[in-house]
Amino acid sequence: MSTGYIIVQQSGPLEGSVNISGAKNAVLVIMASLILTRGRSILRNVPAIADVYEMIEILKSLGAKIQFDSQSNVVEVDTTQLNPGILNQDAVKKFRASLLIFGPLLTQFKDVKVAMPGGDAIGVRPLDYHIKNFKKLGADVWQDENFLYGKAYNLQAQRLVLDYPSVGATENLLMALTLVEGESWIVNAALEPEVLDLIVVLQKMGADIEICPPAMIKIKGVQNLKPVDHTVICDRLEAGSLLIAGAITKGDVFIPNANALEMELFLMKLGEMGHEIKIGANGQGVRLKACSSPKVVSFKTGPYPGFPTDLQALMMAAQVVAQGTCNVVETVFENRFLHVAEMNKMGAKISANGHCAQLEGTPHLIGVDVIATDIRAACALALLGFAAHGVTRVQKGVHHWKRGYETLDVKLQQLGANIILD
Ligand code: UD1
């Protein structure tokens with residue numbers, strides 16, 4: 001019987017070449033955006049991960065006909081007949097990115113009720129930016145403990161200013177505005193590579209969208225949008241995870257299909273640690289040759305192109321096995337240091353206080369039982385296990401791992417890692 005543990009033993013150096021899968025944070029919102037169209041769309045480079053299967057359930061419950069070939073990573077979605085009244089709220093509740101159906105449903109069907117996924121280990125994750133700005137567009141939007149409701153019979157084009165460049169709020173509002181007559185703006189928009197991939201998809205559908213400096217999106221509403229054929233971008237967070245695995249094990253890892261231009265600050269910090277980073281022509285392909293005695297670096301997370309919060313726990317694992325002391329500042333989520341106590345169980349020397357952590361590198365790590373609180377913490381703890389004496393078992397790890405990574409365990413095994421999902 002499966003225990004749900006990721007089981008890891010000391011490994012390395014990890015060596016070899018491995019390709020990454022399609023980006024989770026791009027594919028989920030792109031699938032949600034298909035609600036804006038009628039007809040048959042094809043998405044390629046779709047990772048076979050649990051969150052994608054959940055999004056398929058949601059779209060099916062709305063009436064979409066879907067075929068997913070997980071071998072070729074192609075999904076066909078036929079949205080000819082959609083009916084929001086039959087939405088499967090239990091499927092919506094299961095994961096947070098399902099909230100991204102709200103904007104497309106509101107602009108298309110005017111009267112929407114979407115289940116709330118509840119709080120999250122890494123922070124409260126309120127919806128105030130979404131709600132406030134849909135209200136500015138003229139919608140009636142409110143929430144209770146269980147649902148987010150929206151009624152919008154006459155959305156009006158507006159200039160919207162976000163308090164913070166929230167990825168989800170930018171995406172939800174952007175998708176809705178593609179069908180709102182007139183010219184709208186999102187000021188202080190998130191411009192993560194995954195948001196840019198969504199914009200490419202919406203433009204292929206026929207949306208009139210322009211990105212303007214500094215961090216603004218201009219949208220001119222159109223009457224309707226058509227289906228698309230699109231290849232989803234590759235997952236920079238999976239690329240980052242594999243490079244960290246190389247760094248922790250003093251290995252040599254090459255990722256031919258990683259886009260270095262989407263992870264420049266992260267790569268610069270790895271270089272500052274002493275690791276050799278080689279980048280292919282036009283940023284395509286990244287190789288990390290690990291330094292045998294890396295130095296720690298301080299870093300601070302922030303919205304793109306800042307240091308990604310989703311690579312904070314992983315980068316911290318790389319610091320744990322380096323020399324010296326450094327500071328890590330998390331500015332995106334208020335509670336994203338839950339992995340610190342778990343890393344300390346393994347012998348790491350980290351003290352966290354609010355948004356800041358101080359870390360002292362150590363070569364003495366031991367494999368113990370640790371608990372994963374989210375996808376990236378699960379991965380960070382597993383990768384740190386490669387540098388620990390004995391067996392590291394990451395409890396609740398498999399659940400998180402399968403939500404966010406497509407066969408990363410197999411890819412790591414191919415590089416020489418001792419890791420299994422139990
Ligand atoms: C997305 C990503 C997630 C990533 C995060 C930040 C997906 C599916 N998930 O999450 O992996 O870690 O971006 O890069 O793409 N906030 C509010 N009110 C709101 C909305 C957000 O206060 O209405 C706060 C959040 O609590 C958080 C910060 O803004 O502190 C950033 O959140 P946001 O960018 O919205 O993250 P997500 O879209 O949920």
Side-chain angles (χ1 to χ4, degrees), residues 22-33 47 49-52 54-55 58 92 94-103 116-136 141-143 148 150 160-175 186 188-199 215 232-233 235-238 240-241 262-263 265-266 300-315 329-339 354-355 373-380 400 403-405:
K24 163 185 160 299
N25 287 353
V27 74
L28 295 174
V29 68
I30 289 170
M31 289 175 79
S33 77
I49 54 175
D51 278 11
V52 163
E54 296 294 357
M55 190 56 99
I58 290 172
V92 176
K94 283 193 189 155
F95 70 123
R96 186 154 193 97
S98 62
L99 279 171
L100 297 168
I101 65 174
F102 186 80
M116 302 279 295
D120 204 301
I122 61 173
V124 180
R125 302 183 87 170
L127 296 177
D128 50 336
Y129 308 154
H130 301 246
I131 293 173
K132 176 164 132 180
N133 287 294
F134 277 116
K135 281 184 176 169
K136 280 192 184 153
V141 183
W142 70 102
Q143 68 181 117
L148 177 65
L160 304 174
V161 184
L162 297 187
D163 295 75
Y164 181 89
S166 150
V167 172
T170 300
E171 293 172 338
N172 238 338
L173 293 161
L174 170 63
M175 289 187 282
I186 304 176
N188 198 20
L191 292 175
E192 264 68 1
E194 295 77 17
V195 180
L196 302 188
D197 204 30
L198 169 67
I199 290 177
V232 175
I233 57 167
D235 198 320
R236 65 192 167 110
L237 304 172
E238 187 190 5
S241 308
E262 292 173 350
M263 45 202 296
L265 183 44
F266 170 70
K300 177 164 119 177
T301 65
Y304 188 82
F307 193 99
T309 175
D310 284 346
L311 290 178
Q312 180 254 107
L314 286 138
M315 189 62 165
V329 182
E330 169 60 55
T331 74
V332 181
F333 288 106
E334 69 274 20
N335 194 27
R336 208 168 195 179
F337 281 142
L338 294 171
H339 49 280
H355 287 280
T373 42
D374 69 37
I375 296 171
R376 310 303 164 188
C379 189
H400 293 299
R403 278 193 53 213
Y405 293 111

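Counting convention: from 1, in listed order, for ligands and their atoms alike. Computed over heavy atoms, backbone and side chain alike; hydrogens, waters and symmetry mates excluded.
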Nearest to [atom], what protein heavy atom do you find, and at what distance?
atom: atom 6 (C) of ligand 1; answer: T309 CG2, 3.8 Å
atom: atom 29 (O) of ligand 1; answer: Y164 CD2, 3.8 Å
atom: atom 38 (O) of ligand 1; answer: G168 N, 2.8 Å
atom: atom 25 (C) of ligand 1; answer: F333 CE2, 4.1 Å

Assess [X] for proximity to ligand 1: is some non-hydrogen atom of it under 4.0 Å away?
X: D128; result: yes
X: P126; result: yes
X: R336; result: yes

_Whether D310 and R336 form a salt bridge (side-chain N of Lys/Arg under 4.0 Å from carboxylate O of Asp/Glu) is what I want to check._
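Looking at D310 together with R336, the answer is yes, because their closest N to O distance falls below 4.0 Å.
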_Short N-O contact, E194 and R236, less than 4.0 angstrom_ =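 Yes, E194 and R236 are salt-bridged.
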_Exceeds 12 heavy-atom contacts within 6.0 angstrom, atom NZ of K300_ =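 Open.
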Using modelled atom types and a 3.5 Å cut-off, is there a donor and acceptor pairing between side-chain atoms of [X] and backbone atoms of [Y]?
X: N188; Y: V161; value: no
X: N133; Y: L160; value: no
X: R96; Y: R125; value: yes
X: D163; Y: Y129; value: no

_Just to be sure I read this right, does ligand 1 sit under 4.0 Å from the backbone of Y304, its side chain, both, or neither, counting only heavy atoms?_
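Under 4.0 Å from ligand 1, Y304 contributes no heavy atoms.
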I want to confirm something. Looking only at heavy atoms, which of [options] is nearest to [atom]?
atom: atom 4 (C) of ligand 1; options: V332, D310, T331; value: D310
atom: atom 9 (N) of ligand 1; options: L198, L237, D51, N25; value: N25
atom: atom 37 (P) of ligand 1; options: R125, K132, H130; value: R125

*Heavy atoms only: give me the nearest I186-T170 pair and the separation to one decimal.*
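It is CD1-O, 3.9 Å.
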_Minimum heavy-atom distance between H400 and A378, given as atom pair plus value_ =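 Closest approach of H400 to A378, heavy atoms only: CB-CB, 3.9 Å.
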*asked:* Only heavy atoms of L127, strictly under 4.0 Å: list the atoms of ligand 1 that pass.
replied: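 Per the distance check, 23 (O).
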Indicate yes or no: does an N/O atom of [X] lie under 3.5 Å from an N/O atom of ligand 1?
X: S166; value: yes
X: V167; value: yes
X: Y129; value: yes

*Should L28 and V52 be marked as a side-chain contact (heavy atoms from CB on, under 4.5 Å) after you check the CA-CA gap, both sets of side-chain angles, and the distance that decides it?*
CA-CA 6 Å; L28 295 174; V52 163; 4.2 Å; yes
